[in-house]
Amino acid sequence: MKDETVVLIKPDGVRKGIIGEIMARFERVGLKIAAAKMIWVDKTFVGKHYQDKDAYHKTVGTKILENYQKFGLDANESLGTKDPVKIGRMVRNWNMEFLSSGPVFAMLLEGPDAVLIVRKIVGSTFPADALPGTIRGDFSLDSAYISNLQRRTTQNVIHASGSKEEAEFEKKLWFKNSEIYKY
Ligand code: ADP
C-alpha cells in the first residue's frame with residue numbers, strides 16, 4: 001500500500017515562479033503526481049486546513065517557544081504571551097490571512113513513505129533551520145522573529161502533510177475524487 005501526501009506551494013512560492021522547480025524535485029525521486037491544480041481559497045477554507053484545535057495550537061506554539069529559547073529571544077516581547085496555545089492560535093490566524101492572499105498550487109503525491117520522504121525534501125519549518133538542498137533551505141529566507149514582530153506568518157514557500165492522518169484529512173479537503181488520477 002503506497003502512501004499519499006498533500007503538498008501546497010504557498011502564495012510566496014507561486015509568486016516566486018518556482019512551481020516547476022519544486023515539482024521537479026518530487027518527480028526526481030519518483031513520487032507520482034496523482035492530482036495537481038492551482039486554487040485560490042478564502043480564509044474560512046484555510047481555517048479548515050489549519051484546524052482550530054487547542055492540541056494543534058499547543059504543538060505549533062511549543063515549537064515556536066523552543067525556537068525563541070534557542071535564539072535567546074523573549075516570546076513575551078514580540079508575541080505578547082508565553083502561552084503556547086495562544087501563540088499557536090495567533091499563528092493560525094496569520095496562516096489564514098496568508099494562505100488566502102493569493103493562489104496556491106496543490107498536489108497529491110503518491111509513493112512508498114510519501115509523507116516522510118516529502119517532509120525530508122521540504123525541510124524544517126523555519127528557513128534558518130532548513131538545510132541547503134531542501135526546498136525551504138534553498139528557496140526561503142524569512143525569519144520567524146522578524147515575521148512575529150510584523151504580526152505575520154513566516155514565509156517558507158511550501159506546506160506538506162505532517163502525518164498519514166493529516167494527509168488523509170487534507171486529501172479530502174483539497175481534492176474532489178474526480179481530480180485524482182489512478183495511472
Ligand atoms: P510546518 O509547516 O513545517 O508543518 P507548523 O505546522 O508548525 O509547520 O506551522 C505551520 C506554518 O505556520 C509554518 O509552515 C509557518 O509558515 C507558520 N509558522 C510556524 N511558526 C511560526 C511563527 N513562529 N511565526 C509565524 N509563522 C509561523
Calculate, to the nearest 0.5 Å, the distance between atoms CG and NZ belonging to N177 and K172 respectively. 9.0 Å
Evaluate L141 against Q155 for side chain to side chain contact (heavy atoms under 4.5 Å, CB included), listing each step before the verdict. CA-CA 8 Å; L141 186 68; Q155 296 187 11; over 6 Å; no
With a 3.5 Å cut-off and sequence neighbours excluded, list the donor-acceptor pairs that the side chains of residues 18-26 form with protein atoms.
residue, atom, partner, partner atom, Å
R25, NH1, G133, O, 3.2
R25, NH1, D138, OD2, 3.1
R25, NH2, D138, OD2, 2.9

So does V157 get a backbone contact from the side chain of K16, meaning a donor-acceptor N/O pair under 3.5 Å? no
How close do P103 and M38 get, counting heavy atoms only, and between which atoms? CB-CG, 3.8 Å
So how far is it from L108 CG to I33 CD1, rounded to the nearest 0.5 Å? 10.5 Å
All side chain to side chain donor-acceptor pair (under 3.5 Å) counterparts of K37, not counting sequence neighbours: E179
So, for T154 and S147, which heavy atoms are closest and what is the spacing to 0.1 Å? OG1-OG, 2.9 Å
So the salt bridge (charged side-chain N to carboxylate O under 4.0 Å, His left out) pairs with at least one residue in residues 152-166 (sequence neighbours excluded) are D3-K164, D142-R152
Of all residues at least two apart in sequence or in a different chain, which pass the ring-ring contact (aromatic ring centres under 6.0 Å, His included) check with H49? H159, W174
Same cluster or not: L109 versus V29, using hydrophobic residues (I, L, V, M, F, W, Y) connected whenever any side-chain heavy atoms lie under 4.5 Å apart? yes
Once side chain to side chain donor-acceptor pair (under 3.5 Å) is applied, do any residues pair with N95, and if so which ones, sequence neighbours excluded? T153
Partners of K43 by side chain to side chain donor-acceptor pair (under 3.5 Å), sequence neighbours excluded? E97
Can any side-chain N or O of W40 pair as donor or acceptor with the backbone N or O of S100 at less than 3.5 Å? yes
Please list, chain by chain and in numerical order, all residues satisfying salt bridge (Lys or Arg N to Asp or Glu O under 4.0 Å) with K171, sequence neighbours excluded. E4
Find the distance between CD1 (I117) and CG (L31) and round it off to the nearest 0.5 Å. 6.5 Å
D83 CG to K58 NZ distance, which is reported to the nearest 0.5 Å: 9.0 Å
Go through it in stages, so that I can follow the logic: the residues are L8 and E170, the test is side chain to side chain contact (heavy atoms under 4.5 Å, CB included), and I'd like the CA-CA distance, side-chain angles, deciding distance and then a yes or no. CA-CA 10 Å; L8 306 172; E170 291 173 5; 6.0 Å; no
Hey, is the main chain of F126 close enough, under 3.5 Å, to the side chain of N156 for a donor-acceptor pair? no
Answer with yes or no whether the hydrophobic clustering places V41 together with M107; edges join I, L, V, M, F, W, Y residues whose side-chain heavy atoms lie under 4.5 Å apart. no
Where do Y50 and L99 land on the side chain to side chain contact (heavy atoms under 4.5 Å, CB included) test, with the steps shown first? CA-CA 10 Å; Y50 290 116; L99 234 66; 4.0 Å; yes
Using 0.5 Å steps for rounding, measure from the OG atom of S78 to the CD atom of Q150. 11.5 Å
At their closest point, which heavy atom of A106 faces which heavy atom of I39, and how far apart are they? CB-CG2, 4.4 Å
Applying side chain to side chain donor-acceptor pair (under 3.5 Å), can you list everything that pairs with D129, at least two apart in sequence or on another chain? K70
For Q51, give me all partners under side chain to side chain contact (heavy atoms under 4.5 Å, CB included), at least two apart in sequence or on another chain. K53, F169
Determine which pairs satisfy side chain to side chain donor-acceptor pair (under 3.5 Å) with at least one residue from residues 118-128, sequence neighbours left out, and list them in order. K63-T125
For P11 versus V104, what's the shortest heavy-atom pair and its separation? CD-CG2, 3.9 Å
Does any non-hydrogen side-chain atom of R92 lie less than 4.5 Å from one of D52? yes
Roughly how far apart are I158 CD1 and R136 CZ, rounded to 0.5 Å? 7.5 Å
Please test I64 against L79 for side chain to side chain contact (heavy atoms under 4.5 Å, CB included), starting from the C-alpha separation and ending with a verdict. CA-CA 10 Å; I64 292 165; L79 295 164; 4.1 Å; yes
Measure the shortest side-chain to side-chain distance between E77 and Y145 over non-hydrogen atoms and say whether it is less than 4.5 angstrom. yes
Same cluster or not: are L149 and I87 linked, directly or through other Ile, Leu, Val, Met, Phe, Trp or Tyr residues, by side-chain heavy atoms under 4.5 angstrom apart? yes
Do V122 and T134 have side chains that get closer than 4.5 Å, going by heavy atoms? no
With D113, which residues qualify under salt bridge (Lys or Arg N to Asp or Glu O under 4.0 Å), at least two apart? none
Would you say I9 ends up clustered with V46 if hydrophobic residues are merged whenever their side chains have heavy atoms under 4.5 Å apart, either directly or through other cluster members? no
Scan for ring-ring contact (aromatic ring centres under 6.0 Å, His included) pairs involving residues 57-108, sequence neighbours excluded, and state none if there are none. none
Identify whether V14 and V6 are in the same connected component of the hydrophobic contact network (ILVMFWY, side-chain heavy atoms under 4.5 Å). no
